[in-house]
Protein chains: 2
Amino acid sequence: MLSKETLTKLFPDWEDGLYDAILNVAELKEAKAGTTLLKMGQNIKSAMLVVEGTIKLYQEDETGGEYFMYHLNPGEACAVTLVCNYHHEQSQVLAKAVTDIQYLAIPIEFMEKWLNEFKSWHYFVIKTYRSRYEELLKTIHEIAFKNMDERLEFYILKFVKQFGAIVNLTHQDIANDLNTSREVISRLLKKMEHNGWIIMNRNSFDWIKK
Amino acid sequence: MLSKETLTKLFPDWEDGLYDAILNVAELKEAKAGTTLLKMGQNIKSAMLVVEGTIKLYQEDETGGEYFMYHLNPGEACAVTLVCNYHHEQSQVLAKAVTDIQYLAIPIEFMEKWLNEFKSWHYFVIKTYRSRYEELLKTIHEIAFKNMDERLEFYILKFVKQFGAIVNLTHQDIANDLNTSREVISRLLKKMEHNGWIIMNRNSFDWIKK
DNA sequence: TTAATTGGGTGATATATATCACACTACAAT
DNA sequence: ATTGTAGTGTGATATATATCACCCAATTAA
């Protein structure tokens with residue numbers, strides 16, 4: 001059950017009335033690791049705030065390709081779902097649960113209302129957009145200017161920052177996230193192994209650079 | 001000179017007090033076509049609202065590369081300059097005037113203040129971030145999934161939407177904006193010419209597809 | 001008018017990545 | 001113990017793009 005204590009810990013900057021509003025209208029939902037929470041083109045019915053676990057945000061191609069952009073952690077929100085002026089607004093991103101997660105679903109009817117009502121909500125929305133905008137800039141920087149070896153390194157570093165130095169991903173997982181093929185990732189990881197940046201195991205490797 | 005009439009036309013959704021605040025503290029500046037308005041890494045001293053002309057926003061590489069992301073038109077603002085919680089915040093984007101422009105420079109001290117004071121300013125900031133976030137998503141989609149021929153077509157279409165079907169850009173201009181080389185653009189344009197999508201001239205071409 | 005500069009065309013070659021083919025190994029299922 | 005499957009390694013080849021070299025044509029400067 002969702003408590004006010006949990007909320008104050010997750011969202012320390014909010015005003016009191018906002019916690020009450022959330023408790024009234026938000027639904028606490030759960031999802032298993034691997035679940036797709038939001039598909040591209042899907043109508044957005046509710047805002048999504050992360051309570052527990054980690055979500056990965058992707059850009060998705062019509063032909064099935066995916067490109068990983070950033071992680072969402074507890075206390076963070078999916079930016080695209082926060083401002084839906086018009087109903088039937090469609091998602092431009094793909095969101096997947098990486099771990100088992102808990103999240104708050106708030107019907108989008110309240111978004112416009114809360115922007116008027118709660119100053120701290122307003123700030124939260126702006127803060128969210130600003131930080132995600134910056135993540136997208138970084139993503140563009142990597143794809144536009146870097147080769148796959150550097151992009152792979154950035155990718156691994158993002159993972160390590162999130163989950164620690166034991167990277168339990170298969171080569172295929174990584175290839176999917178970077179919209180390339182397993183062979184390419186395998187060869188580049190071999191190089192990193194030769195350079196002494198990683199120690200490879202089956203289903204995982206350890207990041208030991210520096 | 002900046003008049004209230006001009007402001008109400010450019011920013012019709014604002015509240016009255018906000019126009020006055022702008023008139024008090026904003027400086028109306030001018031810049032010639034081609035001027036660099038904001039460099040990556042540069043400290044942001046003022047928010048930038050476009051009054052007249054068009055600005056192009058880029059992601060910039062340390063080694064001199066550039067990647068064009070989107071246009072800014074009159075009535076729009078540069079998102080990164082709108083929310084600078086801390087002074088000495090550095091720009092993550094490169095902004096260049098495409099045409100001669102006029103813009104409003106508002107010292108960033110007022111940003112935090114206005115968020116509190118003016119509801120319409122708050123909305124403006126959110127609207128700005130939301131729309132630019134979406135532009136970045138489109139950019140990622142193109143770089144991550146499309147080959148140069150399709151990216152070139154998207155690029156031309158953005159230009160045509162802005163300025164009309166006569167594209168007065170050199171091959172080198174386009175190559176710079178897409179972080180590729182002139183030869184690549186020349187060859188792809190030749191293909192488009194063969195396909196009957198464009199008519200080429202020196203220093204320009206006409207987009208006649210469909 | 002001549003020279004210089006800029007924009008553009010195009011072959012040859014290099015490189016990064018994608019794709020195909022297949023082999024090998026660890027582990028799980030039976 | 002046998003079989004199947006998922007994860008990985010690696011050569012061969014294809015393709016997209018980058019880079020180099022050089023040419024020519026149009027425009028501008030002298």
Side-chain angles (χ1 to χ4, degrees), chain A residues 33-34 61-68 140-156 159 166-207, chain B residues 33-34 61-68 140-156 159 166-207:
Chain A
D61 188 33
E62 308 80 36
T63 63
E66 294 172 6
Y67 200 93
F68 169 63
I140 290 172
H141 193 265
E142 286 166 30
I143 321 181
F145 303 123
K146 307 296 183 186
N147 286 344
M148 199 51 86
D149 52 350
E150 291 190 78
R151 284 158 61 188
L152 175 57
E153 190 179 347
F154 287 131
Y155 177 86
I156 295 172
F159 185 99
I166 300 171
V167 182
N168 51 338
L169 295 168
T170 67
H171 301 183
Q172 187 65 64
D173 290 337
I174 300 173
N176 291 340
D177 280 9
L178 294 177
N179 193 46
T180 180
S181 65
R182 181 197 56 84
E183 296 92 320
V184 171
I185 298 299
S186 287
R187 291 192 238 256
L188 291 174
L189 285 177
K190 260 276 157 274
K191 270 192 201 168
M192 289 188 176
E193 193 182 32
H194 285 141
N195 294 342
W197 298 4
I198 61 173
I199 295 171
M200 298 230 306
N201 315 299
R202 190 187 174 84
N203 289 314
S204 79
F205 57 88
D206 303 358
W207 181 253
Chain B
D61 189 33
E62 308 80 36
T63 62
E66 296 174 2
Y67 200 93
F68 169 63
I140 291 173
H141 194 266
E142 285 165 30
I143 323 180
F145 303 124
K146 307 296 184 186
N147 287 343
M148 200 50 88
D149 52 348
E150 291 189 78
R151 284 159 61 190
L152 175 57
E153 190 179 347
F154 286 130
Y155 176 87
I156 296 171
F159 184 99
I166 299 171
V167 182
N168 50 339
L169 296 168
T170 68
H171 300 184
Q172 188 65 62
D173 291 336
I174 300 175
N176 291 341
D177 281 8
L178 294 176
N179 193 45
T180 181
S181 64
R182 180 195 58 83
E183 296 92 319
V184 171
I185 298 299
S186 286
R187 291 192 240 257
L188 290 175
L189 285 177
K190 259 275 158 274
K191 269 192 202 168
M192 289 187 175
E193 192 180 33
H194 285 142
N195 294 342
W197 297 4
I198 61 173
I199 296 170
M200 299 231 302
N201 315 300
R202 191 187 173 85
N203 289 315
S204 79
F205 57 87
D206 302 359
W207 181 255

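In the text below, chain A, chain B and the rest are named by the order of the sequence lines, each starting its count at 1.
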Taking only the side-chain heavy atoms of B:Met148 (C-beta and beyond), determine which of D:dT17, C:dT10, C:dC27 contains the nearest atom. D:dT17
From the options A:Asn168, A:Thr170, A:Leu169, A:Asp173, select the one residue that forms a side chain to side chain contact (heavy atoms under 4.5 Å, CB included) with A:Asn203. A:Thr170
Rounding to an integer number of Å, can you tell me how far B:Asp149 CG sits from D:dT17 P? 6 Å
Is there a donor in the side chain of B:Tyr67 and an acceptor in the side chain of B:Asp177, or the other way round, less than 3.5 Å apart? no
Whole-Å distance separating the CZ atom of A:Arg202 from the P atom of C:dC24: 16 Å
Please report the end-to-end axis angle for the helix from C:dT1-D:dA30 to C:dT30-D:dA1, five pairs per end, rounded to 10 degrees. 30°
Within residues 186-196 of chain B: residues closer than 4.0 Å to DNA chain D (heavy atoms): B:Arg187
Would you mind telling me which of C:dA16, D:dC20, C:dT19 lies closest to the side-chain atoms of B:Glu183? D:dC20
Does the side chain of A:Trp207 reach to within under 4.5 Å of the side chain of A:Glu153, using non-hydrogen atoms? yes
Between CD1 of A:Ile198 and C1' of D:dG9 the distance, given in whole Å, is 14 Å
Between A:Arg182 and B:Arg182, whichever has its closest DNA chain D nucleotide further toward 5' is A:Arg182
Of residues 166-173 of chain A, the positions that come close to DNA chain D - non-hydrogen atoms, cut-off under 4.0 Å: A:Thr170, A:His171
